[in-house]
Q: 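My structure is below; once you've seen it, I'll send some questions.
Fair warning: this is a prediction, and the values are worked out from it, not measured in the lab. So you know, we letter chains A, B, ... as the sequences are listed, proteins then strands, and number each from 1.
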There are 2 protein chains.
Amino acid sequence: MATTVLHTTVLDTLGRRITSGDAPAGTPLTLESIGTEFGVSRTVAREVMRLLEGLGLVRSKRRVGIVVLGIEDWNVLDPRVIRWRLEGPGRDAQLRTLTELRHAVEPLAAAGAARHATDAERAELVAAAARMRLLGEAGDLEEFLRLDVRFHEILLRASGNEMFGALAGVVAAVLSGRTHLGLMPASPVPEALDQHEAVARAVADADAEAAEAAMAAIVGEVRSALGGVERSS
Amino acid sequence: MATTVLHTTVLDTLGRRITSGDAPAGTPLTLESIGTEFGVSRTVAREVMRLLEGLGLVRSKRRVGIVVLGIEDWNVLDPRVIRWRLEGPGRDAQLRTLTELRHAVEPLAAAGAARHATDAERAELVAAAARMRLLGEAGDLEEFLRLDVRFHEILLRASGNEMFGALAGVVAAVLSGRTHLGLMPASPVPEALDQHEAVARAVADADAEAAEAAMAAIVGEVRSALGGVERSS
DNA sequence: GGCGGCGAATGGTGCTATCAATCACTTGCC
DNA sequence: GGCAAGTGATTGATAGCACCATTCGCCGCC
């Protein structure tokens with residue numbers, strides 16, 4: 001992983017450059033320029049270009065070279081694009097749109113989990129929610145985050161819809177970004193802990209409606225909190 | 001088209017083969033085998049591999065070759081993966097999960113559109129809804145589909161969340177698949193026409209709650225009509 | 001006979017060289 | 001001055017090379 005994979009670094013750099021706006025739509029590139037800038041051969045430059053093209057970030061045309069595309073063409077749902085944008089200057093906006101996506105998806109995923117989760121998954125959700133309360137009250141934010149991520153991942157993957165499961169990484173990024181950006185209170189609000197337990201209980205009871213409602217409450221709170229508190233650092 | 005982009009055909013073939021289950025998880029591949037099978041050079045085979053790797057369909061390891069991954073690693077939200085799966089044997093299941101995704105996203109997108117759409121977008125939505133009624137009553141399914149797709153695309157793109165906008169192609173694929181699979185009645189049910197007009201009106205009036213509710217009704221109907229995803233246990 | 005180490009085969013990684021195809025821009029002709 | 005042909009730049013595609021990490025089998029030792 002850390003070894004070689006030369007094209008990864010080039011891809012990351014270029015991807016960040018484009019998604020950050022440093023290389024706005026219409027910026028021309030050539031394989032040659034990429035190769036010389038990064039000290040790689042044209043072969044590698046071509047691979048990177050193809051990857052970027054697959055992500056909708058650029059479009060390559062003969063004789064013209066490679067041109068950067070606008071955001072309307074980007075695969076904004078691709079994990080790599082999301083990561084780059086979260087690392088760039090548009091991080092706040094990105095967190096907002098991602099949170100809105102969570103708001104849309106997670107309640108329905110919770111309902112699905114209430115219907116389809118295995119016994120083991122239901123049990124792990126309940127255990128995670130209980131442990132989150134302990135950690136939250138103890139103020140261990142880092143470990144709390146880890147469990148929070150796990151909680152939502154189980155839920156999304158147990159939803160019976162692999163589309164939702166594919167968003168597990170996104171949710172993890174949002175949660176992580178939120179705490180590491182200081183958008184979380186020093187200790188989680190009790191309501192959030194209550195709602196997580198409510199979701200876990202509803203899933204354990206196979207009560208889809210209750211699970212959906214409780215999850216909607218979680219994401220709704222976060223969403224309004226994120227919109228209201230923009231000055232904390 | 002057929003002349004250039006040599007790698008596209010190889011990519012499509014391999015992508016379909018993997019997503020269809022013809023090449024299940026664990027299937028080994030080598031650059032050499034791909035090159036000889038499709039009559040292309042190793043460079044092209046490498047590009048295809050990188051693309052497939054980017055989609056999470058395969059993983060390449062030294063000495064071991066390239067192995068096909070399971071669905072849990074796929075980028076199931078990528079338009080190409082969706083297209084392949086829609087063309088494969090799992091089409092019905094794919095339509096169901098995509099419809100569930102629509103169910104999650106479109107109501108919120110409608111609410112967003114009610115808040116953020118431009119005047120032109122609002123006007124086009126109203127016009128599209130009105131024309132859909134005419135076409136629906138006339139029984140022109142093909143043209144109706146075209147407008148239906150347009151309607152939902154405007155809405156998603158006007159939502160103010162580019163994540164939702166990125167799903168426009170998905171929705172188009174679902175709608176198209178539905179009618180071409182004969183899952184649509186000979187003429188659209190009046191309720192659907194009413195709801196489309198209700199959404200358009202609510203967006204025109206900047207009434208986010210009404211838009212969300214009306215869109216929820218549209219997708220909810222479709223969902224239950226598609227074959228009882230619900231049937232709680 | 002079993003176990004451990006060493007070496008060879010394998011196959012991705014990356015590079016260079018080379019040719020083909022295309023297309024924008026320039027130049028020259030009318 | 002306008003238009004068409006030529007030309008050069010740039011991607012598309014291939015072949016062949018060196019490199020190296022990994023794996024597997026063979027051999028020797030206990």
Q: D:dT23, D:dG8, D:dA13: which one has an atom nearest the side-chain heavy atoms of B:Ser41?
A: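 That would be D:dA13.
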Q: What's the closest nucleotide to the side chain of B:Ser60 if the choices are C:dG14, C:dG12, D:dG8?
A: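 So the side chain of B:Ser60 is nearest to C:dG12.
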Q: Is there a donor-acceptor contact under 3.5 Å from the side chain of A:Ser20 to the main chain of A:Arg16?
A: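 Checking the backbone N and O of A:Arg16 against the side chain of A:Ser20, a donor-acceptor pair under 3.5 Å is found.
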Q: Ignoring the backbone of A:Arg62, work out which of C:dA21, C:dT13, D:dA15 is nearest its side chain.
A: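 Looking only at heavy atoms from C-beta outward on A:Arg62, the closest nucleotide is C:dA21.
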Q: Just by distance, do the side chain of B:Asn75 and the backbone of B:Gly56 share a donor-acceptor pair under 3.5 Å?
A: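 Side chain of B:Asn75 to backbone of B:Gly56: no pair is present.
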Q: OP1 or OP2 of C:dT13 less than 4.0 angstrom from a side-chain nitrogen or oxygen of B:Arg42, does that happen here?
A: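 So the side chain of B:Arg42 is outside the cut-off, no N or O lying under 4.0 Å from OP1 or OP2 of C:dT13.
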Q: With a 4.0 Å cut-off, would you call B:Arg115 and A:Glu100 a salt bridge?
A: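 No, B:Arg115 and A:Glu100 are not salt-bridged.
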Q: Just to confirm, is there a sub-4.0 Å distance from OP1 or OP2 of C:dG14 to any side-chain nitrogen or oxygen of B:Arg50?
A: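 Yes, within the criterion.
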Q: How many Å lie between NE2 on A:His7 and P on C:dG14, as a whole number?
A: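 Interatomic distance, NE2 of A:His7 to P of C:dG14: 7 Å.
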Q: Is it the case that more than 12 heavy atoms not belonging to A:Arg131 sit under 6.0 Å from its CZ atom?
A: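 Atom CZ in A:Arg131 is not packed in, count stays at 12 or less.
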Q: Select one nucleotide: of C:dA24, C:dC15, C:dT10, the one nearest the side-chain heavy atoms of B:Arg46.
A: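 Looking only at side-chain atoms, B:Arg46 lies closest to C:dC15.
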Q: Ignoring hydrogens and geometry beyond distance, is a side-chain donor-acceptor pair present between A:His196 and A:Asp148 at under 3.5 Å?
A: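 Judged by distance alone, the side chains do pair up.
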Q: Give, ordered by number, those residues of residues 23-32 of chain A having at least one heavy-atom distance below 4.0 Å to an atom of DNA chain C; if nothing qualifies, reply none.
A: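 Under 4.0 Å from DNA chain C: no residue of residues 23-32 of chain A.
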Q: Nearest to the side chain of B:Arg63 - C:dC15, D:dA13, D:dC24?
A: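 From the listed options, D:dC24 comes nearest.
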Q: Identify, between B:Ile66 and B:Thr43, the residue whose nearest nucleotide on DNA chain C lies closer to the 5' end.
A: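 That would be B:Ile66.
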Q: Does A:Glu143 come within less than 4.0 Å of A:Arg146, counting only side-chain N to carboxylate O?
A: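 Between A:Arg146 and A:Glu143 there is a salt bridge, with a charged N closer than 4.0 Å to a carboxylate O.
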